[in-house]
Amino acid sequence: MTTAQTQELDVQPTPLALLLLGREADPRSERGVECPGDLPSPSDPDLVERARAAKEKLGDKVFVLGHHYQRDEVIQFADVTGDSFKLARDAAARPEAEYIVFCGVHFMAESADILTGDDQKVVLPDLAAGCSMADMATAEQVAECWDVLTDAGIAEQVVPVSYMNSSADIKAFTGKHGGTICTSSNAKRALEWAFEQGDKVLFLPDQHLGRNTAVRDMGMSLDDCVVYNPHRPNGGLTAEQLRDAKMILWRGHCSVHGRFSLESVEDVRARIPDVNVLVHPECKNEVVAAADYVGSTEYIIKALEAAPAGSKWAIGTELNLVRRLANRFAPEGKEIVFLDKTVCFCSTMNRIDLPHLVWTLESLAEGNLVNRIEVDKETEAFAKLALERMLALP
C-alpha cells in the first residue's frame, strides 16, 4: 500500500516489528493481531511450570488439542495430537470438558465449535493464528463465483467440495448448495460422491489438492481442470471453459506446501542416494508426480512408523512436524530430512507459543473466558450439514 493510499484511509502504517510481536493491530487487515491482556515474557524460565500448574488446576474442565504443526513447547501440553479433522472429532468426543483449547489455527477452532456441544467453549490462544489458504476464499467471493456459474448455465450441474482447511462460512456455503467437506485423506472418496450427484465439481479453496486428487487418483487429465481466480472478472474464465471443465479449482494454495518445487525433489535425490520422497497432496502437481509417496499428515506419520531401519526420507510438509519425526525415528537409524533447503515453518501455526498458552490456561483457571471461537447458529447448521455428509461417506 502506498503512502497516498494510507493517507486516504486516514490510518498510519503499523511498524512491522510491532505486528510481528502481536503488540498492535493493522486497520487494513481482515483480522487484528492484538491479544487482550498481558502475555508473560517469552524469556520467563517458569513458563513450563506455570502452564503445568494452570492445566492441573483446571483438571477435567479443560481439553487441550495440538495440531501436528505446532511447536514442541506447545505440543507437550496437548492431551491429543492430530490433523485438523481428527482433533475436531476428538473434541466432540469429550463432552465433559467445559473448555476446548485448540492449539492450531482459526478454521480448526471453528470446526471444533461446530462439532462440540453448546455448553462447551472452544478457545484459540491467539486470535491471529489464521490460515492463509482459508483466507483465500471469502463468502462474498464464493457467492460471486456461484453467480458466474449460474450465468454460464452450469450451476445446477456443479457440486461444491470444500477442503477442511476452509472457514465456517465456506463450509456453510458448501452445505447449503448440496456439497460436502473433504480432508486430504478422503478427498478421492468425496470427489467420487460429488460426481455421483452432478457433472462438475467446484473445489475450494486449495487448487493443488483438487488437481492432484482428480489427476493422480481419479485418472482425469490436466485439461479437465480449470482454475477460477476470484480476483479477475468471471474468474478469468470464459463460459465455454467453465462448461467444458470437470473440475473448477479455486485459486488457493498452502503457503508452506506451495514452496516445494520440482527442483527440490531433484536436488534431494542428487544429495541423498536411495532417498524416498514423501510429500503432502497440497504440494504442486509436478512435485506430487515426482515423489515416491503422497499422503496426508497422518499418512506421512504412519509411513515413517512402518519404514525399515536405515531408510532415508525427504519429507515435503511443515518443518515442525518433520523435525519432530526426525528426532523420534533417529534411534531406529531412519534418516529424515526436510525436502527443501529453505527452512519453512507455518507462520500462523507458530503464533501459538508458550506465552499465549500460559496466558490462556491461567485466564481460564481464574474463571476468565478468553478468545472464544463461536460460530453463529445459521452458519453452524449448514456447515454441520456439509460435515455430516462427509462423515456419512463409506
Review point. Is Arg94 salt-bridged to Asp79, cutoff N-O under 4.0 Å?
Key: no
Check your understanding: Which heavy atom of Leu87 sits nearest a heavy atom of Thr81, and at what distance?
Key -> CD2-C, 3.6 Å
Check your understanding: Is it the case that more than 12 heavy atoms not belonging to Glu266 sit under 6.0 Å from its CD atom?
Key -> yes
Practice item. Show your working on side chain to side chain contact (heavy atoms under 4.5 Å, CB included) between Lys312 and Val268 and close with a plain yes or no. Key: CA-CA 11 Å; Lys312 303 173 183 178; Val268 80; over 6 Å; no
Review point. Do any N or O atoms from the side chain of Trp250 and from the backbone of Met136 form a donor-acceptor pair under 3.5 angstrom?
Key: yes
Check your understanding: Is the distance between the ring centroids of Tyr228 and Phe203 less than 6.0 Å?
Key -> no
Check your understanding: Between Pro205 and Asn165, which heavy-atom pair has the shortest distance, and what is it?
Key -> CG-O, 3.5 Å
Check your understanding: Hey, does Ser264 have a side-chain heavy atom less than 4.5 Å from the side chain of Val287?
Key -> no
Point to revise | Sub-4.5 Å side-chain heavy-atom contact between Leu321 and Ile315 | key: no
Practice item. Assess whether atom CD of Glu144 is packed by more than 12 heavy atoms of other residues, nucleotides or ligands within 6.0 Å. Key: no
Check your understanding: Should the pair Arg189-Glu192 be classified as a salt bridge under the 4.0 Å nitrogen-to-oxygen rule?
Key -> yes
Check your understanding: Do NZ/NE/NH1/NH2 and the carboxylate oxygens of Lys284 and Glu286 come within less than 4.0 Å?
Key -> no
Review point. Can you find a heavy atom in the side chain of Arg243 that is under 4.5 Å from one in the side chain of Gln157?
Key: no
Review point. Crowded around Asp274 CG? As in, over 12 foreign heavy atoms under 6.0 Å?
Key: no
Revision key, fill the gap. Nearest heavy-atom approach of Val294 to Leu278 is N-CD1, 4.2 Å
Practice item. Check the angle between the aromatic planes of His67 and Tyr69 and answer parallel, tilted or perpendicular using the 30° and 60° thresholds. Key: perpendicular
**Study point:** Note, Val48 side chain near Gln76 side chain (heavy atom, < 4.5 Å)
**Key:** yes
Practice item. Measure the CD-CD1 distance between Gln70 and Ile75 for me, rounded to the nearest 0.5 Å. Key: 6.0 Å
Point to revise | In one Ile/Leu/Val/Met/Phe/Trp/Tyr side-chain cluster, 4.5 Å: Ile154, Leu249 | key: no
Review point. Would Ile170 and Val148 show up in the same hydrophobic cluster when neighbours are defined by side-chain heavy atoms closer than 4.5 Å?
Key: yes
Practice item. Hey, could you give me the CE/CG distance between Met349 and Leu319, rounded to the nearest 0.5 Å? Key: 13.5 Å
Check your understanding: Are Ser363 and Thr360 close enough, and set up right, to give a side chain to side chain donor-acceptor pair (under 3.5 Å), and what steps lead you there?
Key -> CA-CA 5 Å; Ser363 296; Thr360 299; over 6 Å; no
Review point. Do the side chains of Ile336 and Leu339 join up, straight or via other hydrophobic residues, at under 4.5 Å, putting them in one cluster?
Key: yes
Practice item. Give a yes or no on whether a salt bridge exists between Arg328 and Glu305, defined as a side-chain N under 4.0 angstrom from a carboxylate O. Key: yes
Check your understanding: So does Glu378 have more than 12 non-hydrogen atoms from other groups sitting under 6.0 Å from CD?
Key -> no
Practice item. Supply the atom-to-atom distance Met218 CE to Met247 CE, rounded to the nearest 0.5 angstrom. Key: 8.0 Å
Exercise for review: Keeping the roles fixed (side chain from Asp353, backbone from His356), state whether a donor-acceptor pair exists under 3.5 Å.
Suggested key: yes
Practice item. Work out which heavy atom in Leu191 is nearest to a heavy atom in Ala214; give both atom names and the distance. Key: CD1-N, 4.3 Å
Point to revise | Interatomic spacing from CG in Leu364 to CH2 in Trp359 - rounded to 0.5 Å | key: 8.5 Å
Review point. Should we say atom CZ of Arg89 is surrounded by more than 12 heavy atoms from elsewhere, each under 6.0 Å from it?
Key: no
Practice item. Give a yes or no answer on whether the side chain of His280 reaches the backbone of Glu282 with a donor-acceptor pair at less than 3.5 Å. Key: yes
Check your understanding: Are any side-chain N or O atoms of Gln120 and backbone N or O atoms of Gly117, one a donor and one an acceptor, separated by less than 3.5 Å?
Key -> yes
Check your understanding: Is it true that atom CD of Glu196 has more than 12 heavy atoms of other residues, nucleotides or ligands lying nearer than 6.0 Å?
Key -> yes
Review point. Leu65 and Met108: side chain to side chain contact (heavy atoms under 4.5 Å, CB included), yes or no, with the steps?
Key: CA-CA 10 Å; Leu65 307 173; Met108 300 178 186; over 6 Å; no
Revision key, fill the gap. On a heavy-atom basis, the closest approach of Ala309 and Glu332 is CB-O, 3.1 Å
Check your understanding: Going by heavy atoms in the side chains, are Val62 and Val123 under 4.5 Å from each other?
Key -> no
**Study point:** Within 6.0 Å of NZ in Lys176, more than 12 heavy atoms from elsewhere
**Key:** no
Study note, to complete from the structure: For Thr348 and Ala129, the nearest pair of non-hydrogen atoms, with its separation, is O-CB, 3.6 Å
**Study point:** Pair Arg52 + Glu49: basic N to acidic O under 4.0 Å
**Key:** yes
Check your understanding: Side-chain contact, heavy-atom cut-off 4.5 Å: Ile181 with Arg389?
Key -> no
Check your understanding: Hey, does the side chain of Arg71 reach the backbone of Asn320 with a donor-acceptor pair shorter than 3.5 angstrom?
Key -> no
Practice item. Please test Val288 against Val215 for side chain to side chain contact (heavy atoms under 4.5 Å, CB included), starting from the C-alpha separation and ending with a verdict. Key: CA-CA 11 Å; Val288 165; Val215 175; over 6 Å; no
Point to revise | Shared hydrophobic cluster for Leu393 and Leu387 (ILVMFWY, side-chain gaps under 4.5 Å) | key: yes
Review point. Just how far is it from atom CG of Leu127 to atom CD1 of Ile373, taken to the nearest 0.5 Å?
Key: 5.0 Å
Practice item. Answer yes or no: is there a donor N or O on one side and an acceptor on the other, between the side chain of Asn371 and the main chain of Leu124, under 3.5 Å? Key: yes
Point to revise | side chain to side chain contact (heavy atoms under 4.5 Å, CB included) between Asp169 and Thr138, intermediate numbers included | key: CA-CA 8 Å; Asp169 286 338; Thr138 68; over 6 Å; no
Review point. So, the side chain of Lys171 versus the backbone of Ser166: is there a donor-acceptor pair under 3.5 Å, distance only?
Key: yes
Check your understanding: Is it the case that more than 12 heavy atoms not belonging to Lys246 sit under 6.0 Å from its NZ atom?
Key -> no
Study note, to complete from the structure: The reported gap from CG in Leu58 to CD in Glu366 (rounded to nearest 0.5 angstrom) is 10.0 Å
Point to revise | Side chain proximity check, Asp44 to Val358, heavy atoms < 4.5 angstrom | key: no
Exercise for review: Would you please name every residue forming a salt bridge (Lys or Arg N to Asp or Glu O under 4.0 Å) with Asp72, sequence neighbours left out?
Suggested key: Arg324
Exercise for review: Evaluate the side-chain proximity of Leu304 to Ile300: yes if any heavy-atom separation is below 4.5 Å, no if none is.
Suggested key: yes
Point to revise | Asp113 side-chain N/O to Val375 backbone N/O, donor-acceptor pair under 3.5 Å | key: yes
**Study point:** Aromatic ring pairing Phe173/Trp146, orientation class (parallel under 30°, perpendicular over 60°, tilted between)
**Key:** perpendicular
Check your understanding: Side chain of Asp267, backbone of Glu263: donor and acceptor closer than 3.5 Å?
Key -> no
Exercise for review: Check the pair Asp376, Thr379 against side chain to side chain donor-acceptor pair (under 3.5 Å), reporting the backbone distance first and the verdict last.
Suggested key: CA-CA 6 Å; Asp376 69 86; Thr379 301; 2.7 Å; yes
Exercise for review: Indicate yes or no for a side-chain donor-acceptor contact from Asn186 to the backbone of Cys182 under 3.5 Å, with no hydrogens or angles considered.
Suggested key: no
